[in-house]
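Since we're looking at a predicted model, the values are computed, not measured. Residue numbers start from 1 in every chain, and the chains themselves are labelled A, B, ... in the order their sequence lines are given, proteins ahead of strands. Because only heavy atoms are used, hydrogens play no part in the values below, and waters and symmetry mates are left out as well, while side chains stay in.
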Amino acid sequence: MAHRPDVLALTRSVLRGLVVLNALYALAIALLLVATLIAPDLLFRALVGLKGAGSWELHAALRAVVLIGIVGAYVVHRVLRELQAIADTVRDGDPFVADNARRLQAVAWWVLAGEGLRLVVGTIAWSVTRYVQPLQMHIGFSLAPWLTVLLLFVLARVFDEGTRMRADLEGTV
Amino acid sequence: MAIVIHLDELLHARRMTLTELSDRVDITLANLSILKTGKAKAIRFSTLEAICTALECQPGDLLAFDPSQPSQEK
């Protein structure tokens with residue numbers, strides 16, 4: 001049991017680090033978006049090579065993907081913030097509160113949104129290959145994130161019920 | 001709450017303090033205070049049995065229903 005506080009402290013440190021890394025990632029993508037507007041020819045040649053680099057469809061598609069990347073960074077930020085809040089309640093010694101059930105549900109929605117964004121990126125990559133050379137974007141499909149979303153929704157419900165049961169027990173003598 | 005607890009009256013009639021009752025029924029003073037002040041949401045049969053044994057009374061002596069009181073918040 002003596003190791004638990006250390007694990008919690010490590011978790012909180014990792015979450016803080018991930019928030020910073022995610023912010024840097026968002027900044028890098030934002031800079032990439034600016035670069036596609038300031039020096040489009042140079043950037044698109046570097047990204048996709050000479051063939052198809054001048055296609056406006058490809059330009060639009062890559063800009064859309066970059067924009068979705070920024071939205072994705074925000075989604076990850078929200079997930080990390082909710083997890084930080086949950087970790088804080090564990091540190092304070094009272095994690096079985098209604099707010100945490102709501103936070104878990106919020107995380108489930110954000111993860112679902114993230115998967116939705118992945119599908120949009122995949123659709124953009126697929127649609128643009130009809131006009132230009134195949135775009136090398138390995139989106140792939142995995143069942144794990146969808147199962148994670150389901151698991152999070154179930155966990156949120158379990159947490160909610162558990163919190164209510166505890167509230168009932170607190171008033172029992 | 002519409003359920004009224006007469007613990008104070010029963011203790012007074014038996015010249016017993018809440019602390020003494022707490023010792024006899026092995027229930028914490030804090031929990032008995034919650035019961036006495038009507039802040040409890042529920043009472044276990046085991047608690048009721050222990051209090052009735054210690055105070056030599058019936059559950060009906062301890063609990064009463066008063067419809068004029070506002071019902072408990074959920």
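By the 4.0 Å N-to-carboxylate-O rule, B/E20 lies too far from B/R24 to be salt-bridged with it. Of the charged side-chain nitrogens involved, none lies within less than 4.0 Å of a carboxylate oxygen, so that A/R103 and A/D88 do not count as a salt-bridged pair.
To the nearest 0.5 Å, atom CD1 of residue B/I5 and atom CG of residue B/L7 are 8.0 Å apart. Rounding to the nearest 0.5 Å places CZ of A/F96 at 9.0 Å from OG1 of A/T89.
Residues B/L11 and B/T17 are not in side-chain contact: their nearest non-hydrogen atoms beyond the backbone lie 4.5 Å or more apart.
A/R81 and A/Q84 form a side-chain donor-acceptor contact under 3.5 Å, judged by distance and modelled atom types alone.
Against chain A, the residues from residues 43-51 of chain B that qualify, each with a non-hydrogen atom under 4.5 angstrom away, are B/I43, B/R44, B/T47 in number order.
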